[in-house]
Structures are given as C-alpha cells and as structure tokens.
**Q** 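Here it is: the structure, laid out below.
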Amino acid sequence: MTATPRIPPLVPDEQDARQRELLAGVAVGGPASNIFATLVRHPGLFNRWLPFGGKLLVGKLPARERELLILRTGWHCRSSYEWGQHVLLARQAGVTDDEVDRIPKGPAAPGWSPFDAALLRAADELHADSRMSDATWAALAERYDERQLIEVPMLVGHYHMVAMTLNTLGVQREPGVPGLPDGHG
C-alpha cells in the first residue's frame, strides 16, 4: 500500500451534482467512506460498479461464508483496506476473532470445519490458478446450489479487482479500521 493516496477521496466541496447524487446512496462519512469518495471520481464507472458489488454483498451465499472468501482474497492480494473493512463485516456475520486470525494460515490450519476449509481452498485456487479444482468444486457442490456455485468465483474475482484498485490508488483505511495482521499493511 502506498503511504498516501495516489488519487485522494473527493471532498464534499469538490463534488459535482452527479457525484453527490451517487454518494447519497452509500455510507460516505461512515467506516468505508474512502473507497466510495475515491471511486466516485469516475462517476460512470462508479454508477455501474456499485450495484454489482452491492448485489454480491446480499447474494445467495451465507454472509459468514461470503466474508471468509473475501477475507482470504484480501489476504492474498495484501489489501489492507479490503481486509480491514471486511474484518468488521465478518464479525457482524458471525466470524470469530479466532477465525479472522486463522485466515492468513489458510485452509490447512487446525480448527476449520471441512466446508470452511473448502471455501478457503476455493479462494486459494482461484487466486493461484483462476479456477477451482474438481475436488474443491465437489466439496462446495455438496452444500451449494448452482447460483451459489456461480457466485463463488464471481465474488472472489470481484474482490481481486477491488483489491487491485484499492492497492493501486492507495486508498487509505479510515481511523479504527484494522490493517492486515503481522505487519503486512
């Protein structure tokens, strides 16, 4: 992560009417304001991206499982912003602090249920190979329907894109949002 933003968040005095309208529907000023106030500098893209990202946050995957996938992706991408924001969301979704601490250790770490380990493996395989193995697919297919199976790579791929954008633009964490563990950001 860069020490300062390459493109800073747009402050209210700099926003035009369209940017203000686009930001009116999101929690600017809240715990995740910097991402939105930065990306709204490209209003057309922001307007198309926000509904897609929002749909993934209320999609077919259970919230806890979605957050495990996002946190593992944020870890792989070394996205301090993505990690910190989703630690907060993961806790709300029932992910324990012990589980958050275990995510960097991966699916082979002791303590994961077989299904949680398969979710982390899915994120690992998608990150490394841009596809899930047959064994991981089969493990997820034991519980997930087709919509959920489609959503897993879409979610991981989306959060890769978000992490790349956050890391490249140097979007800074808001006060009180945790960074990556072990000094990685």
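Throughout, numbering of the chain's residues begins at 1 and tracks the sequence. Because only heavy atoms are used, hydrogens play no part in the values below, and waters and symmetry mates are left out as well, while side chains stay in.
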**Q** Test your reading of the model: is there a side-chain donor-acceptor pair from H127 to the backbone of A123, 3.5 Å cut-off?
**A** no
**Q** Is there a side-chain contact (heavy atoms from CB on, under 4.5 Å) between E99 and R102 once you walk through the steps?
**A** CA-CA 5 Å; E99 290 170 325; R102 203 176 329 132; 3.8 Å; yes
**Q** Return the NZ to CE distance between K55 and M154, rounded to the nearest 0.5 Å.
**A** 11.5 Å
**Q** Closest heavy-atom contact between L120 and P107?
**A** CB-CB, 3.9 Å
**Q** Can you tell me how far CG of L166 sits from OH of Y81, rounded to the nearest 0.5 angstrom?
**A** 7.0 Å
**Q** Please check if F115 and L69 belong to a single hydrophobic cluster, counting links between Ile, Leu, Val, Met, Phe, Trp and Tyr side chain heavy atoms closer than 4.5 Å.
**A** yes
**Q** Check whether E174 reaches the backbone of S33 with its side chain - one donor and one acceptor, N or O, closer than 3.5 Å.
**A** yes
**Q** Considering all heavy atoms of both residues, which atom of T73 and which atom of H160 are nearest to each other, and what is their separation?
**A** CG2-ND1, 3.4 Å
**Q** Side chains of H158 and W49 only: does a donor on one sit below 3.5 Å from an acceptor on the other?
**A** yes
**Q** Could you give the distance from CZ (F46) to CG (L23), rounded to the nearest 0.5 Å?
**A** 5.0 Å
**Q** According to a hydrophobic-cluster definition based on side-chain heavy atoms being under 4.5 Å apart (Ile, Leu, Val, Met, Phe, Trp, Tyr only), do V162 and M164 belong together?
**A** no
**Q** Please tell me if the side chains of I103 and W112 come closer than 4.5 Å, counting only heavy atoms from C-beta onward.
**A** yes
**Q** When you measure from the side chain of N34 to the backbone of Q172, do you find a donor-acceptor pair of N or O atoms at a distance under 3.5 Å?
**A** yes
**Q** Output yes when a side-chain donor or acceptor of R41 lies under 3.5 Å from a complementary backbone atom of P8, and no otherwise.
**A** yes
**Q** Could you grab the distance from atom NZ of K60 to atom CD of E151, nearest 0.5 Å is fine?
**A** 8.0 Å
**Q** F52, V156: one ILVMFWY side-chain cluster at the under-4.5 Å cut-off?
**A** yes
**Q** Return yes when atom CD of E14 has more than 12 non-hydrogen atoms of other residues, nucleotides or ligands closer than 6.0 Å, and no otherwise.
**A** yes
**Q** Looking only at heavy atoms, which two atoms of T136 and M132 are closest? And how far apart?
**A** CG2-SD, 4.1 Å
**Q** Same cluster for L45 and L22 if Ile/Leu/Val/Met/Phe/Trp/Tyr side chains link at under 4.5 Å?
**A** no
**Q** Determine, step by step, whether L89 and I70 satisfy the side-chain contact (heavy atoms from CB on, under 4.5 Å) criterion, reporting the C-alpha distance in whole Å, the side-chain angles of both residues, the deciding distance to 0.1 Å, and the verdict.
**A** CA-CA 10 Å; L89 292 172; I70 295 170; over 6 Å; no
**Q** To check you understand the geometry: which heavy-atom pair defines the closest contact between L180 and S80, and what is its length?
**A** N-OG, 3.7 Å
**Q** Can Q85 and V177 be said to form a side-chain contact (heavy atoms from CB on, under 4.5 Å), step by step?
**A** CA-CA 6 Å; Q85 289 297 333; V177 175; 3.6 Å; yes
**Q** Is there a donor-acceptor contact under 3.5 Å from the side chain of R20 to the main chain of Q15?
**A** yes
**Q** How close do P62 and Q148 get, counting heavy atoms only, and between which atoms?
**A** CD-NE2, 3.9 Å
**Q** To the nearest 0.5 Å, tell me how far I35 CD1 sits from T165 OG1.
**A** 8.0 Å
**Q** Okay, side chain of R131, backbone of E125: is any donor-acceptor separation there less than 3.5 Å?
**A** no
**Q** To the nearest 0.5 Å, what is the distance between CG on N47 and NE2 on H42?
**A** 11.5 Å
**Q** Look at the side chain of R72 and the backbone N and O of D124, then say whether any donor-acceptor pair between them is shorter than 3.5 Å.
**A** no
**Q** Is the backbone N or O of R64 less than 3.5 Å from a side-chain atom of E67, with the two atoms forming a donor-acceptor pair by type?
**A** no
**Q** Where is the tightest heavy-atom contact between A139 and R121, given as atom of each residue plus distance?
**A** CB-NH2, 4.4 Å
**Q** Side chain of R6, backbone of T168: donor and acceptor closer than 3.5 Å?
**A** yes
**Q** Go through V100 and W83 one step at a time and tell me if the side-chain contact (heavy atoms from CB on, under 4.5 Å) criterion holds.
**A** CA-CA 10 Å; V100 168; W83 174 269; 3.8 Å; yes
**Q** For the pair W137 (side chain) and L149 (backbone), establish whether a donor and an acceptor sit closer than 3.5 Å, ignoring hydrogens and angles.
**A** no
